[in-house]
S.K.: 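Please see the structure below; I have some questions.
Excluded from the calculations below are hydrogen atoms, water molecules and symmetry mates; all remaining heavy atoms, backbone and side chain alike, are included.
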Amino acid sequence: MATKVMEVMKNLDIERYMGRWYEIASFPSRFQPKDGENTRATYTLNSDGTVNVLNETWCNGKRGYIEGTAYKADPKSDEAKLKVKFYVPPFFPIIPVTGDYWVLHIDKEYQYALIGQPSRNYLWILCRRTCLDDEIYNQLVEKAKEEGYDVSKLHKTPQSDSPPESEDGPKDTKGIWWIKSILGK
């Protein structure tokens, strides 16, 4: 059976998309700590039209983070198909890891979003707030299912009502989960 072509949002307003998004649920990634909580992404528009990506998660009170850059896969296309490039520390030469970031759905107010990849191995439900209405959550899950995702793999991310400040806690965990995942620990 031919796999359905994934529908991707068109004409994404990148400026409205900027800012902080909280991870409500995702397919667990080998790049993220299993017990990570308060996971979030902060997007900032760069002057050259690329986007600075800051992914943060907290493990046992310690902040882990990694930064990268997102850009349109095809500048001529009106589809919201982005590429995200992260640099994996502390290896030399620094190895860029590039992934797909496809915006499958976003509401008119830019308050919640469904993000996927052509491989269907990764899926994220993001929201501007730390919690998402069950009804909307279920609609997004249904949408992911229609796009061919195995939604049984979705794992809800623990989010506290008062998210931690970025400045809290030691900064020594940069990229630690990348290293662990590469070593298979």
Side-chain angles (χ1 to χ4, degrees), residues 1-32 34 36 39-46 49-57 66-88 95-129 131-157 159 177-178 181:
M1 190 179 104
T3 309
K4 171 183 188 293
V5 174
M6 222 178 293
E7 276 186 51
V8 179
M9 293 297 294
K10 289 186 163 54
N11 303 312
L12 183 74
D13 184 336
I14 204 79
E15 288 187 19
R16 286 185 73 196
Y17 196 72
M18 294 301 97
R20 179 163 289 167
W21 291 90
Y22 294 95
E23 182 183 283
I24 301 300
S26 69
F27 282 4
S29 155
R30 62 195 179 95
F31 293 131
Q32 273 181 310
K34 297 278 177 281
T39 305
R40 65 195 186 195
T42 307
Y43 304 127
T44 317
L45 198 57
N46 296 320
T50 62
V51 174
N52 183 71
V53 176
L54 170 63
N55 285 347
E56 299 172 284
T57 194
I66 195 157
E67 284 192 81
T69 307
Y71 51 93
K72 276 192 91 166
D74 175 3
K76 293 186 214 48
S77 168
D78 61 355
E79 289 188 315
K81 291 180 178 179
L82 305 178
K83 291 271 185 200
V84 183
K85 184 186 286 180
F86 292 104
Y87 291 95
V88 182
I95 308 159
V97 175
T98 306
D100 292 289
Y101 182 108
W102 289 11
V103 182
L104 305 179
H105 180 78
I106 192 162
D107 68 301
K108 287 186 177 66
E109 306 302 320
Y110 280 61
Q111 292 302 301
Y112 51 87
L114 183 67
I115 311 299
Q117 285 193 322
S119 66
R120 293 180 173 80
N121 291 335
Y122 293 94
L123 186 70
W124 294 270
I125 291 177
L126 304 179
C127 183
R128 294 292 192 182
R129 295 178 300 123
C131 57
L132 181 60
D133 185 78
D134 281 347
E135 191 182 337
I136 294 168
Y137 177 82
N138 292 335
Q139 285 169 8
L140 292 173
V141 169
E142 205 48 49
K143 170 100 179 113
K145 208 190 227 167
E146 286 167 17
E147 296 297 341
Y149 285 86
D150 174 5
V151 295
S152 69
K153 293 195 291 194
L154 263 179
H155 171 79
K156 283 203 176 182
T157 307
Q159 292 282 358
W177 66 84
W178 290 80
S181 71

S.K.: Determine the minimum heavy-atom distance between N46 and N52, stating which atoms define it.
M.R.: ND2-N, 3.4 Å
S.K.: Measuring from C127:SG to L114:CG, what's the distance to the nearest 0.5 Å?
M.R.: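 Spacing of SG (C127) from CG (L114) equals 12.5 Å.
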S.K.: Between I24 and L126, is there a side-chain heavy-atom distance shorter than 4.5 Å?
M.R.: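 No, side chains not in contact.
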S.K.: Identify the heavy atoms of T50 and Y71 that sit nearest to each other, and give their distance.
M.R.: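 Closest pair (atom of T50, atom of Y71, distance): CG2-CB, 4.1 Å.
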S.K.: Say you draw a straight line from NZ of K143 to CG of N138; how long is it, rounded to the nearest 0.5 Å?
M.R.: 15.5 Å
S.K.: Who pairs with E146 by side chain to side chain contact (heavy atoms under 4.5 Å, CB included), at least two apart in sequence or on another chain?
M.R.: E142
S.K.: Can you check side-chain contact (heavy atoms from CB on, under 4.5 Å) on D100 and L82, steps first, answer last?
M.R.: CA-CA 6 Å; D100 292 289; L82 305 178; over 6 Å; no
S.K.: Checking R20 side chain against R128 main chain: does a donor-acceptor pair fall under 3.5 Å?
M.R.: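 No.
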S.K.: So, using side chain to side chain donor-acceptor pair (under 3.5 Å) as the criterion, who are the partners of S152 when residues are at least two apart?
M.R.: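 With neighbours one apart ignored, the set is D150.
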S.K.: Decide side-chain contact (heavy atoms from CB on, under 4.5 Å) for V141 and L154; before the verdict, give the C-alpha distance in whole Å, the side-chain angles of both, and the deciding distance to 0.1 Å.
M.R.: CA-CA 9 Å; V141 169; L154 263 179; 3.7 Å; yes
S.K.: If you count heavy atoms of other groups shown closer than 6.0 angstrom to NZ of K145, is the number above 12?
M.R.: no
S.K.: Heavy atoms, side chains only, cut-off 4.5 Å: are V51 and T69 in contact?
M.R.: no
S.K.: Could you check whether any side-chain N or O of E67 sits under 3.5 Å from a backbone N or O of N55, counting only pairs where one atom can act as donor and the other as acceptor?
M.R.: no
S.K.: In chain order, what residues pass the salt bridge (Lys or Arg N to Asp or Glu O under 4.0 Å) check against K81, with sequence neighbours excluded?
M.R.: E79
S.K.: Using the ring of Y122 (Phe, Tyr or Trp, six-membered ring only), decide whether K153 places NZ or CZ under 6.0 Å from its centre and within 45 degrees of its axis.
M.R.: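 Pair K153/Y122 does not count as cation-pi.
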S.K.: Quick one: closest heavy-atom pair of E147 and M6, and the distance?
M.R.: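 Minimum heavy-atom separation between E147 and M6: OE1-CA, 3.3 Å.
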S.K.: Taking C-beta and beyond as the side chain, do T98 and V84 meet within less than 4.5 Å on heavy atoms?
M.R.: no
S.K.: Can you give me the closest heavy-atom contact between G116 and L123, atom names plus distance?
M.R.: CA-CD1, 4.3 Å
S.K.: Decide side-chain contact (heavy atoms from CB on, under 4.5 Å) for I136 and Y112; before the verdict, give the C-alpha distance in whole Å, the side-chain angles of both, and the deciding distance to 0.1 Å.
M.R.: CA-CA 9 Å; I136 294 168; Y112 51 87; 3.5 Å; yes
S.K.: Do the side chains of I66 and V53 get nearer than 4.5 Å, heavy atoms only?
M.R.: no
S.K.: Does W21 offer a backbone N or O that forms a donor-acceptor pair with the side chain of R129 under 3.5 Å?
M.R.: no
S.K.: Anything under 30° is parallel, anything over 60° is perpendicular, the rest tilted; go ahead and classify W124 against Y101.
M.R.: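 Ring orientation, 0 to 90° scale: parallel.
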S.K.: Could you tell me how the ring of Y43 sits relative to the ring of Y17: parallel (under 30°), tilted (30 to 60°) or perpendicular (over 60°)?
M.R.: parallel
S.K.: For the side chain to side chain donor-acceptor pair (under 3.5 Å) test, which of E56, E23, Q159 pairs with R40?
M.R.: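 With R40 as partner, E56, E23, Q159 yield a single side chain to side chain donor-acceptor pair (under 3.5 Å), made by E56.
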S.K.: For Y110 and N11, work out which heavy atoms get closest and say how close.
M.R.: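 Of all heavy-atom pairs spanning Y110 and N11, the closest is OH-O, 4.3 Å.
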S.K.: Got a second to check how far M9's CE is from D78's CG, nearest 0.5 Å?
M.R.: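 Answer rounded to 0.5 Å: 11.0 Å.
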S.K.: Side chains of K156 and Y137: closer than 4.5 Å at any heavy-atom pair?
M.R.: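 They are in contact (side-chain heavy atoms under 4.5 Å apart), so the answer is yes.
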S.K.: K72 side chain to A80 main-chain N or O, any donor-acceptor pair under 3.5 Å?
M.R.: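 The answer is no, because no donor-acceptor pair under 3.5 Å joins these two groups.
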S.K.: Return the minimal non-hydrogen interatomic distance between V151 and A144, and the atom names on each side.
M.R.: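 Looking at all heavy atoms of both residues, the shortest contact is CG1-CB, 3.9 Å.
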S.K.: Just do the side-chain contact (heavy atoms from CB on, under 4.5 Å) check on L104 and I115 with the steps written out, would you?
M.R.: CA-CA 6 Å; L104 305 179; I115 311 299; over 6 Å; no
